[in-house]
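All values below were derived from every heavy atom in this structure, side-chain atoms included, with hydrogens, water molecules and symmetry-related copies excluded.
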Amino acid sequence: MSDGLPDPTGLPGLPHPRETRRLIGQTAAEAEFLSAQAGGRLHSGWLLAGPMGVGKATLAYRIAAHLLAGRDAADGLDMPEDDPDLRRIRAGSHPRLFVLKRGPNDKGDKLSAQIRVEEMRKLKSFFHLSSADGGHRAVIVDAADEMNVSAANALLKELEEPPANTTLLLIAHQPSGLLPTIRSRCRVLRLRPLDPEPLTEALAQAGVTGEAPEALSVLAAGSVGGAARVAQADGRALYADLVTLFSGLPHIDRPRAIAMADACAGKGAEVRFPLMLDLIDLLLTRAARAGLMGEPELQGAPGEARLLMTLAPDARAARRIAELSQELSARARHGRAVNLDPSALLLDMLLRIEATATGSAAA
């Protein structure tokens, strides 16, 4: 960002979505948009919905470039690399594209936690300044989930009475959290988590190398951004350590648990600690699901499937694990908010899992 703050619309370790040359694994969503355009059903508002990191922003920029260049559905969304509209978009300087995103906080020293109404005023200025151009305009909201109430209501007015020759592309990781009136005024394009093969291909395109694509797909929930995070922080090894630790149930190796918790605290653990929290949540979520639906097809680590069935051998145990997952997630959020010692917080969580699993086995 021009004020020196990081761009909130990019993911660490990956090229920015506007620079991504191909969208991998989302042909159905692309085909749905092109079909609507070909049939004369080009809505003014589109809601691109799906988990974080599966290509929603990349698709939004591809659609924007396609529309700003005045292309037809028959042309497809792939564009020549020397196309002037595409080059301006990649440079972040296209005069007919506006990206609505989080701006600075009141002090100007950090990003705001939400998209605020101040950013909506910039959108109003964009509409005014670009009105004389005459070409198609596009607005990307990244991400619509991050709008506060005032900003959401202001955007709703634009969706209710959209400016001429304008397409609004709303990116939403959790569309259920949006105003129902916003959702009702948009055509929805759903993007799915990626299977191991396209996930590996997308990571290679982004310059990220990772082994064991099936395990990586499990740990990242089919998200390119999540997979990059796991690969760069050696998340596969962390998850394998968790599986090994709990494979000793009904009792875990206490010294090993303490060492794991200590390794996620202190200097240099800024990435490792939140990743471990996410991996614990993933383990419990997968265990609860396995208790209801049976052993999963893919494993996040060797021996995981057997462990999941140990943690939740039946529906009753699955409910206990699901309740524990919610409890520990709330505890982790509170602990991070009040700056509890990460090592103590993690050790407590590991011991709570042991106690719950032991209780389930005895029930």
Side-chain angles (χ1 to χ4, degrees), residues 6-20 22-26 29 48-61 102 142-146 171-177 190-243 264 269-290 296-301 304 308 325 328-329 332-333 336 346:
D7 187 339
T9 63
L11 292 174
L14 295 176
H16 194 277
R18 65 173 174 260
E19 300 167 355
T20 304
R22 292 189 302 133
L23 177 60
I24 297 169
Q26 303 295 354
L48 281 59
M52 185 177 292
V54 298
K56 299 186 300 298
T58 297
L59 178 57
Y61 280 100
R102 288 184 289 134
D142 191 0
D145 321 69
E146 297 171 345
I171 296 167
H173 313 307
Q174 296 179 320
S176 60
R190 298 195 182 278
L191 283 75
R192 308 296 181 185
L194 300 182
D195 292 330
E197 185 174 341
L199 179 64
T200 301
E201 186 179 356
L203 285 172
Q205 176 181 238
V208 178
T209 57
E211 300 177 354
E214 289 188 356
L216 198 57
S217 178
V218 168
L219 300 185
S223 161
V224 179
R229 179 189 180 212
V230 169
Q232 293 162 354
D234 204 11
R236 283 199 309 115
L238 281 178
Y239 195 71
D241 286 345
L242 273 176
V243 170
C264 293
E270 295 83 0
V271 175
R272 196 178 182 90
F273 173 55
L275 178 58
M276 179 60 92
L277 293 178
D278 289 345
L279 292 176
I280 289 173
D281 183 66
L282 175 70
L283 176 66
L284 296 178
T285 300
R286 284 174 59 78
R289 186 180 299 122
E297 293 183 9
L298 302 178
Q299 294 191 95
E304 186 210 23
L308 297 181
S325 176
L328 294 188
S329 293
R333 288 193 299 271
R336 297 185 71 182
L346 282 173

*Atom pair CZ/CG of Arg102 and Asp142 - distance to nearest 0.5 Å*: 9.5 Å
*Would you call Leu242 and Met276 a side-chain contact if the rule is heavy atoms closer than 4.5 Å?*
yes
*asked:* Taking CD in Glu297 as the centre, count heavy atoms belonging to other residues, nucleotides or ligands within less than 6.0 Å. Is the count above 12?
replied: no
_Expected output: side-chain Ser217 to main-chain Asp195 donor-acceptor under 3.5 Å_ = no
*asked:* According to side-chain hydrogen bond (donor to acceptor under 3.5 Å, both in side chains), who are the partners of Glu201, at least two apart in sequence or on a separate chain?
replied: Arg22
*Taking it one step at a time, do His16 and Thr9 satisfy side-chain contact (heavy atoms from CB on, under 4.5 Å)?*
CA-CA 8 Å; His16 194 277; Thr9 63; 2.9 Å; yes
*Can you check side-chain contact (heavy atoms from CB on, under 4.5 Å) on Leu203 and Leu216, steps first, answer last?*
CA-CA 11 Å; Leu203 285 172; Leu216 198 57; 3.5 Å; yes
_Derivation and outcome, side-chain contact (heavy atoms from CB on, under 4.5 Å), residues Leu346 and Ile280_ = CA-CA 9 Å; Leu346 282 173; Ile280 289 173; 3.9 Å; yes
*Between Arg336 and Leu277, does a side-chain contact (heavy atoms from CB on, under 4.5 Å) hold up when you go through it step by step?*
CA-CA 11 Å; Arg336 297 185 71 182; Leu277 293 178; 3.6 Å; yes
*Answer yes or no: is there a side-chain heavy-atom contact under 4.5 Å between Arg289 and Thr285?*
yes
*Nearest 0.5 Å please: distance from the OG1 atom of Thr58 over to the CD atom of Gln26.*
9.5 Å
_Ser329 side chain reached by Leu284 side chain, heavy atoms, under 4.5 Å_ = no
*Give the minimum heavy-atom separation between Ala57 and Ile171, together with the two atoms involved.*
CA-CD1, 3.5 Å
_Leu23 side, atom CG; Lys56 side, atom NZ - distance, nearest 0.5 Å_ = 11.0 Å
_For the CZ atom of Arg286 and the CG atom of Leu219, what is their distance to the nearest 0.5 Å?_
8.0 Å
_To the nearest 0.5 Å, what is the distance between CG on Leu59 and OG1 on Thr20?_
11.5 Å
